[in-house]
Colleague: 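Questions regarding the structure given below will be posed in turn.
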Protein chains: 4
Amino acid sequence: MFQLDVRSRKPIYEQLVDKIKELIINRILKPDEQLPSVRMLSSQLTVNPNTIQRAYRELENQGYIYSIKGKGNFVAAIELKPNEQKLAELKTDLKRLIAEAIYLGLTKDDIYVLFHEAHQQTKGINSDDTGSFR
Amino acid sequence: MFQLDVRSRKPIYEQLVDKIKELIINRILKPDEQLPSVRMLSSQLTVNPNTIQRAYRELENQGYIYSIKGKGNFVAAIELKPNEQKLAELKTDLKRLIAEAIYLGLTKDDIYVLFHEAHQQTKGINSDDTGSFR
Amino acid sequence: MFQLDVRSRKPIYEQLVDKIKELIINRILKPDEQLPSVRMLSSQLTVNPNTIQRAYRELENQGYIYSIKGKGNFVAAIELKPNEQKLAELKTDLKRLIAEAIYLGLTKDDIYVLFHEAHQQTKGINSDDTGSFR
Amino acid sequence: MFQLDVRSRKPIYEQLVDKIKELIINRILKPDEQLPSVRMLSSQLTVNPNTIQRAYRELENQGYIYSIKGKGNFVAAIELKPNEQKLAELKTDLKRLIAEAIYLGLTKDDIYVLFHEAHQQTKGINSDDTGSFR
DNA sequence: GTGGTCTAGACCACG
DNA sequence: GTGGTCTAGACCACC
């Protein structure tokens, strides 16, 4: 299911968070769908259950999944009122990254392509946004 | 010169790397300009000299500065042929971040603004890109 | 009758306990009134009968309901001499919560409103307290 | 320093969070003051370092402390713009608790005393709130 | 020295 | 069987 790099500087639980977040954002995991149980993922990835648990907990804190004791972990529905604070943080990060990329040769066409691809991936969540980019 | 946030979860040396990188990208520090010495920065920022040293070493590894023993650290000239591999990596990161931001409500106008702002900052390094974004 | 949130981190049986307790406190369920049977509630809420049973047992332990074998569960009469110990515990909790809320910006007007609303809900059980709060 | 109840239903790390939060709210621990190190608290309380770590992490997530790798954990300054969402949640909890307390005999004088005491503890954070309660 | 991550394995609470 | 908590002890990153 996933590919983890245990030698990476990035903690395993963070890698997990990112991978699962991606699956949720790209609608591969759908709202209210059940995630693999802590123990199952643990044995599949040969990673300690605690590490999986921690990743799930982080995802819950960030609002991407919810967990029911004795039942399992499930994908959360999208919030209709998106978190403004989080979005603002993301924008700051994006700007920094874009500036660095421009320095390395990124063009406006590149960013157009990236946005378009990302938008396709998310399967048009924001319907008012399906128009042409330009 | 800089403003460091000791409370941030991001290591101080990484903050330094990012800040200096930004100054270089935005042409505030120009090619072959000398950077402040480790000791000076260390006392100015009340930061351990080791931490400064580490930041400079990291910047050197990434190709943003070069150091001359006994003289100091200097801003590297822009590579006209930017590292394609790095740009590719950046694009991957960007795409991931953009997808997440769209999930949280980012619109095409938002990304337009971000690109525009970032482009202004870099002071039109890439002349083929000074036209209007739209 | 109730609205349960299966996604909540609070166990379902506890949610049930709180809801029913609220109905009793607010006199919607009157003393000696019969509660819905375990089976009925179970099928209505599509919740495991064990869970309902557990909630009722908990309510009985706390003195809010009593059960008669073969007949059902019933709302207990109000104790005119309320449990002083419980009240003392509640006060401790309240004080802690109020302090935290003040730290986050709670004003005396806020607490006035809260008390007033809570008082309205209880429909003036304690007659010496029906006057204006201020 | 603290007294923990290992037999309690409430997790140890949560007990720790509550205790430390209380010390911060009541200004016994002052902003930027260093908390005992994970290892020290761990041995003092004969609790596993991981459990302490988890409590500190939770406090950081809630904004009560901040941690610097290699340095320690420190009390965070109060946010000038308090978290409205958190306050709203607290109010809901408060209302429920107050209603229950009224049911058990709480009077408006009682709540007055509680608010007053809590306000004293917090050492008058909100200066516009030092007037008489009534 | 400090915090941060991870494993191995245990026990409890919940449904 | 599920998630949640905890211990024992290890290793790494940072300053």
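Just so it is clear, the model here is predicted, and its values are computed rather than measured. The chains referred to below are lettered A, B, ... by the order of the sequence lines, with proteins before strands, and numbering in each begins at 1.
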Colleague: For every nucleotide of nucleotides 5-15 of chain E, 5' to 3': is a protein heavy atom under 4.0 Å from its base (B), only from its sugar-phosphate (S), or from neither (-)?
Modeller: BBBBB---SBS
Colleague: Please check the phosphate of E:dG4 (OP1 and OP2 only) for any side-chain N or O of D:Ser67 closer than 4.0 Å.
Modeller: yes
Colleague: Rounded to whole Å, how long is the line connecting atom OH of D:Tyr56 with atom P of E:dT2?
Modeller: 11 Å
Colleague: Between F:dG4 atom P and A:Asn61 atom CG, what is the distance in whole Å?
Modeller: 11 Å
Colleague: Rounded to whole Å, how long is the line connecting atom CD of B:Glu58 with atom P of F:dA13?
Modeller: 13 Å
Colleague: List in chain and number order the residues that pass side-chain contact (heavy atoms from CB on, under 4.5 Å) with C:Glu60, two or more places apart in sequence or in another chain; answer none if no residue qualifies.
Modeller: C:Ile65, C:Ser67
Colleague: Show every ring-ring contact (aromatic ring centres under 6.0 Å, His included) that has at least one partner inside residues 44-65 of chain D, sequence neighbours left out.
Modeller: C:Tyr103-D:Tyr64
Colleague: Find the distance D:Phe74:CZ to F:dC14:P and express it as a whole number of Å.
Modeller: 17 Å
Colleague: Taking C:Val47's backbone N and O only, do any of them form a donor-acceptor pair with C:Ser42's side chain (distance below 3.5 Å, no angle check)?
Modeller: yes
Colleague: Side-chain polar contacts of residues 33-40 of chain C - donor-acceptor pairs under 3.5 angstrom, sequence neighbours left out - could you list them?
Modeller:
{"residue": "C:Glu33", "atom": "OE1", "partner": "C:Lys30", "partner atom": "N", "Å": "2.8"}
{"residue": "C:Gln34", "atom": "NE2", "partner": "C:Lys71", "partner atom": "O", "Å": "3.1"}
{"residue": "C:Ser37", "atom": "OG", "partner": "C:Met40", "partner atom": "N", "Å": "3.1"}

Colleague: Distance check needed: F:dT2 C1' versus A:Gln34 CD, whole Å only.
Modeller: 9 Å
Colleague: Stems involving DNA chain E: give each as a range paired with a range, ordered by first number, where a stem means at least three consecutive Watson-Crick or G-U wobble pairs under 3.5 Å.
Modeller: E:1-14 with F:1-14
Colleague: Residues in side-chain contact (heavy atoms from CB on, under 4.5 Å) with D:Gln15, at least two apart?
Modeller: D:Leu4, D:Asp5, D:Ser8, D:Lys10
Colleague: Looking at B:Arg96 and A:Glu22, is there a salt bridge between them, counting it only when a charged N and a carboxylate O are closer than 4.0 Å?
Modeller: no
Colleague: Rounded to whole angstrom units, what separation is found between the CG atom of B:Leu16 and the P atom of F:dC14?
Modeller: 13 Å
Colleague: Compare every heavy atom of D:Val75 with every heavy atom of D:Ile24, then report the nearest pair and how far apart it is.
Modeller: CG2-CG1, 3.9 Å
Colleague: Taking atom NZ as the centre, does C:Lys19 end up with more than 12 heavy-atom neighbours from other residues, nucleotides or ligands that are less than 6.0 angstrom away?
Modeller: no
